[in-house]
Every structure is written in C-alpha cells, then in structure tokens.
Trainee: 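Mind having a look at this structure? Questions to follow.
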Amino acid sequence: MSALLAVENVTMRFGGLVALDNITFFMEKGSVLAVIGPNGAGKSTLFNVVTGVYRPTAGRVKFDGVDITGMPTHEVVRRGVARTFQSSRLFRDLSVLDNVIVGMHTRASAGVLDVLFRPAVARRELATAVEKAEALLRESSGPLYEQRYRPAGTLAQADRRRLEIARALASQPKLILLDEPSAGMDDAETDALVADIERLRAQHPELSVILIEHDMRVVEAFPEHVMCIDYGRLIAGGRFEAVRANPHVQEAYLGTAAADA
Amino acid sequence: MNHPASRVVPRAAAAAATTILLQISGAAFVYAILSAEEGWQVVALLGLLGFGFYLLERLPWINDVVVALLARVPVVTTATAAVIVLGFPFLVGSNTYILHLLIVAQLYAVLALALNFQLGSANIPNFATGASYGIGAYVSALLAVNFNVSFWLTLPVAALAATLFGFVIGIPCMRTRDTYLALVTIAFAVVVHQLLNNFEWTGGPNGLVGIPAPTLFGHSFADPIEVFGWTLPSQANFYYLAAAVVIIAVITARRLHESHIGLAWNALRADEMAAKAQGINVAWYKVLAFAVDAFLAAFAGTIYAFYVSYISPDNFTFLVSVTIMTMVIVGGMDNIFGVIVGAFLLTILPEKLRAFSDYRLLIFGVIVIGFLMIRPEGLFPQRLRHYGVER
Ligand SMILES: Nc1ncnc2c1ncn2[C@@H]1O[C@H](COP(=O)(O)OP(=O)(O)OP(=O)(O)O)[C@@H](O)[C@H]1O
Ligand SMILES: [Mg+2]
C-alpha cells in the first residue's frame, strides 16, 4: 500500500515483440533495487515505461500514491523520478555546470514574465541554482567541479556517467533510475561509483534507487533487493544470493555472462 | 577569488580604454562601408573584415579576451554603445540613404534576434518569421488606416496578434521536428502571404497605402529633428525608434538566454528526450519560442509599416524568412551580438554590391559562402555561459 513505486501487471509490446511481460513489483521508500538480465531482456524498457517515455500496453504504474501510467515524462519527473540513460545522453554542447542546472529545471519557479520583467528575482534564483549545482559537482567522486566550464561532450567516459548522475540528483528526486551506471568504467571507477551511491543513501535515507547493472560487483554491494528479467518476464526476485542461486537465472544470465568471461 | 584560470581579468582602466577604442573602430568600419561608393572600396573593406574573422578563427583567445574586457567594465561598454548609437545620425548628416539602410538593418536585427530564440537557442527551423513580421505590419497598418489608432497603441496590439499567430503555428509544431517542422512553418508562411494577397480588406496585391506617420509629444515622425542647432532628416526619427526596439529585443534576448528558459531551449536543442527527463515540458517550450519570435517580429513589422507608409504582401514573402534565417546562421546561432552583426552585414552588403550590377546576387552568394568557410559556426559562435565571474 505504502510502496513508493508500484508496477502492476505491466506489459509492453512493440508490434509482435513482448518487451515486458506482465511485470509486477513494489518498491519501498529508501531501498535499492538492482535489476539484472541479459541483453534485450527489457530492463531499459522498464525504465522507459516508468518514466512515461512509453505508455504500457497493459498494466499500471503508481508512484507515491498516484497513478502515473502514460503520464508525460516531464510530469513524472516533476513528481520526483529522475533517471540516467544507458547510452549517456548529456547536453553535449552545454557546460558541465549547465547540465546540472538544467537538471534543476523542475525546481525553478520563475516564469517567463518573471524572467522578462523581474530580472532580479530570476537572477537570484539562477545564482542559487549555480551554487547548488557546484556543490553537487564537488560531491561527485570525479573531477567534475574542476571541469565545470567544459562542454559536457568533451568529458571522459566515466565522468560523463558521473555527470549524468549528478544531473539526475539535481532535481532532488524521490526515486532515481540508473541505467547501467558503471558501463565504460574501470574497476577503480566502479568502486568509486558504489561508494558514491552508498554515500548518497547515507545522506538521503529517503531516496530510492533502481539500478540496472551487468557488473555483478555493483549488484553485490546492494544485495537486499535484486530482480532478474529475461525475455520481458520477471524470472526471479529477492536477495542477491538467492537470485544468483536460482537455476533460471543461472541459465538465462549468469550462464551467458560466465561463458562470455 | 575563485576565478577559473582561463578567464582573463584585466585592469579596469586598460579595459575601459580598449572597450571604447574597439567600439569606435567598429562604428568607423560600419560608417566606412556605408559610405563606400566605389566597388573597390567595398571589396577592400570586405577583405579587411574577412581577414579580421580569419584571425579570430585562428586565434580564438582574441574573442575570449575581448569578451572579458567588455564584461570587465559593463558601464563603460554600455555608455560607449549608447553614445555611438545616439550620435551616428549626426555623423551621417543629411545622407538619408545611409539612414534608410541603418533603419532596415536594425529592423532585420530585431527579426534575426526574434528568430534566434528558435533557430539559435532551440534549433527550431521556423520559416514563418517573415509571416509574423507581416502580420505585425498589417495589423497595425489596418488599425491606423481604418480606425485612426495611434502608432503607440497599434504596437502592443499588433504584437499580441502576432503572438497569437505564433501560438497557432506552434501547436502543430509541438509534435514535429526538423524537416517536418520546417515544412509546417513554410506552409504557414505561404498561406499568410496568399491570404494577404487575396483578401479584400488587406488591399490585395496592392497593399495598404497612406499609413500616417507616428507622432510623439506633438512631434511628427515625418518632420526633421532639430537639436542644439543640428537638423537631422525625418528618417532619424525612425532610426531612433528602430534602435529602441533593437535595445528591447537585446534585453529580452539576454534575460531569456541567461535564465532557466534559455537553458531549457538549449537542452531540447541538444537532446529532446534527455530534456524531457529533466522535467522540461518540451512542447510548451517550443510553443513559447514561437510566441516570443512572433512578438518581436511584430514590433519590427509595425515600425516598418509606419516608416515606409505603404505595405504590400510582397514585403513579407517566404524569401524574407529565408533572409532572416541566413542572418542568424551567418552571424552565429545563439549569440546575440553575432546575430546583430549578421543582420547588419546581410542588409548592407547587397546594397553596396549594386556597383557590380548584374553580378550582384552572384557576388553576394559567394561572399556569404566565403564568410561561412572562414567561420563555419557563424561569425560569432555561441559561447558557454559563465556564472559569477565579475562578482
Ligand atoms: N522503441 C522500441 N521499438 C521496438 N522495439 C523496442 C523498442 N525499445 C526496445 N525494443 C526492444 O525491446 C527489447 C528490450 O529492449 P531493452 O532495451 O529494454 O533491453 P535491455 O534489457 O535494456 O538490454 P541491454 O542490456 O542490452 O540494455 C529488445 O528486443 C529491443 O529491441
Ligand atoms: Mg538497456
């Protein structure tokens, strides 16, 4: 009842392809949920359904007590859901700092008329946003603050992913969806990422996180709630150890990963 | 204290002197090209300009230094600009042709700034700015001719009418992008032109004649200006009026650019999906860009109508929109100063190339392409925003 996020019987079809097949799960405030599954399983599609990029073919999505099924993305974000993208989608020609400031868009209260006729009010609001954005960049494990006046498109891969997380946090979300945040990171960077997420949780105990991950070291770090999707179906859920031990999962995911390794 | 190392913070006195010198040289250049009579003079000045931009392209730090200088002493910069703009008609004297060119250039600067919200900030290829310009001109002219409404009242009414038009084009454009969006706006531009041509009450192809000159505190804009024993031709009235609207357009552009609205436009330009994921209502921001564009374009249209006192549909064809678009692209997308430079250059140039009679358009095309080759991102490309540097 009091779940922050409730995904109920969600099915997403693209023509004949069933990307999500009757998925149901609930998520409590302040928890971390790791989503695993082989390539093309439907993990990113799940994020797209939750954030209103796609309207599910069937089923409901409820967030914070409100039915958000098929709600426009910007409305969903306004209600407190932030996300990163698997293939990082920064505003490449804006500075690192501006990317984070854009992330605060839902926090800006000055309207067009304020901006035009009460410039002092608008400027003060922007100045506050700049300070908050700089603080967020300082907290990140990478050298983002030092590079805040660089075009985001020129950052190194790991910094891009960090910036995407900082930008998502800028809206002060209740739920943050991270789509393969460790992609393109080396081991040290991945460890720093895990530390970042842990620190974030300590600072904001109310914040909930859904992580899509292929890197089991990241998943292991957040072992309480793990679910595995395969061919759009939720084949296992529970603690990491249990999910890992599940024969369906081994067959579907760990088996292929092990074969790849 | 905490300035980024790359920023140059020069001393105030040196900055002030350089600022004044730079602006005076700029004005002198404009004056020189405006008063050049011979073909070779125009070519020489263009060569100089081309060389200047070549240097700027090779040595990008010059741009940074100049921007830092101007920002270091904003009051001096603004005051110098004000003196130059106010004083220019005195320099020009009774040469009404130059004044005419300057008026047209300033109106185009307003139009280019208007389009820049869309094309520059948000990458919305709107080919209907000329139509908004025409709607502004026609609404105010109709009000003045038929109902004797004063110029000053027609200005906001025309702007509101055009803004409404902006919303109307904006709505079908919310869900389209790129080429499709361009097509929708082209359709609107053509429809408006056709309607102006075919309606009875717009005067059809003959247009509207006898638009009365505005008056301000009993001074008619058809009369010369007399100040301190100087007499400026009547065009000076419209020169100053156009300058005032350019200033309004620049202030509007700056305030929007330096706010979360400008950032939201830039965000949806870079990546619409990512912009939505930051909570930006992309459809609304697109419509807003159309509305602001139309609002400013109508201001320019109103002044144009009262200035020439005769308008016809052919003043507001699809080609006008293409010209405005070229000004934004050549001047520099999302750069306020660049867009103004683009408008001036592309207004003055074709006039000055009259010396080459039949080859005029060909040479004009070659020059535009030449500038784009020297400065592929526009004469003054967009700059990253810097915050709190002169704190
Ligand atoms: N917009 C779309 N139109 C058609 N098919 C789509 C669309 N989006 C996703 N799919 C398909 O849905 C399936 C699930 O894709 P999704 O991106 O969700 O997988 P994933 O689990 O995130 O995989 P990966 O680990 O490779 O990121 C894939 O077969 C994909 O091709
Ligand atoms: Mg994916």
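Chain letters run A, B, ... following the sequence lines, proteins first, then strands; residues in each count from 1.
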Trainee: Which heavy atom of B/L384 sits nearest to which heavy atom of A/R150, and what is that distance?
Mentor: CD1-C, 4.1 Å
Trainee: So, for A/V77 and B/G279, which heavy atoms are closest and what is the spacing to 0.1 Å?
Mentor: CG1-N, 3.5 Å
Trainee: What's the separation between atom CD1 in A/I101 and atom NE2 in B/H260, rounded to the nearest 0.5 Å?
Mentor: 12.0 Å
Trainee: Counting only heavy atoms closer than 4.5 Å, note whether A/L126 contacts chain B via side chain, backbone, both or neither.
Mentor: side chain
Trainee: What are the two closest non-hydrogen atoms of A/F85 and B/A277, and how far apart are they?
Mentor: CZ-CB, 3.7 Å
Trainee: After noting the C-alpha distance and the side-chain angles of B/D271 and A/R92, does the key distance pass the side chain to side chain contact (heavy atoms under 4.5 Å, CB included) rule?
Mentor: CA-CA 9 Å; B/D271 188 332; A/R92 302 172 57 90; over 6 Å; no
Trainee: Is the backbone N or O of A/V115 less than 3.5 Å from a side-chain atom of B/R255, with the two atoms forming a donor-acceptor pair by type?
Mentor: no
Trainee: Would you mind checking which part of A/R167 comes under 4.5 Å of any heavy atom in chain B, side chain (CB onward), backbone (N, CA, C, O), both or neither?
Mentor: both
Trainee: Could you tell me if the side chain of A/V112 sits less than 4.5 Å from the side chain of B/L288, heavy atoms only?
Mentor: yes
Trainee: Assign the ring pair B/H386 / A/Y149 to parallel, tilted or perpendicular, where the plane angle (0 to 90°) is split at 30° and 60°.
Mentor: parallel
Trainee: Which answer fits A/S95, side chain, backbone, both or neither, if we ask what part of it has an atom under 4.5 Å from a heavy atom of chain B?
Mentor: both
Trainee: Looking only at non-hydrogen atoms, find the nearest pair between B/A267 and A/V102 and report the distance.
Mentor: CB-CG1, 3.7 Å
Trainee: How long is the straight-line distance from CG of B/L263 back to NE2 of A/H105, given to the nearest 0.5 Å?
Mentor: 9.5 Å
Trainee: Please flag which part of A/A129 lies under 4.5 Å from any non-hydrogen atom of chain B: side chain, backbone, both or neither.
Mentor: neither
Trainee: Mark yes when over 12 heavy atoms from residues, nucleotides or ligands other than B/Y180 sit less than 6.0 Å from its OH; otherwise mark no.
Mentor: no
Trainee: Kindly give the heavy-atom pair with the smallest separation between B/Q278 and A/T106, and that separation in Å.
Mentor: O-CG2, 3.8 Å
Trainee: Heavy-atom cut-off 4.5 Å, strictly under: side chain, backbone, both or neither for A/P151 against chain B?
Mentor: both
Trainee: Distance from A/D93 atom CG to B/N266 atom CG, nearest 0.5 Å?
Mentor: 7.0 Å
Trainee: If I measure from the heavy atoms of chain B, does A/E146 come under 4.5 Å with its side chain, its backbone, both, or neither?
Mentor: neither
Trainee: Under a 4.5 Å heavy-atom cut-off, does chain B meet the side chain of A/S171, its backbone, both or neither?
Mentor: neither
Trainee: Say you draw a straight line from NE2 of A/H74 to CH2 of B/W284; how long is it, rounded to the nearest 0.5 Å?
Mentor: 12.0 Å
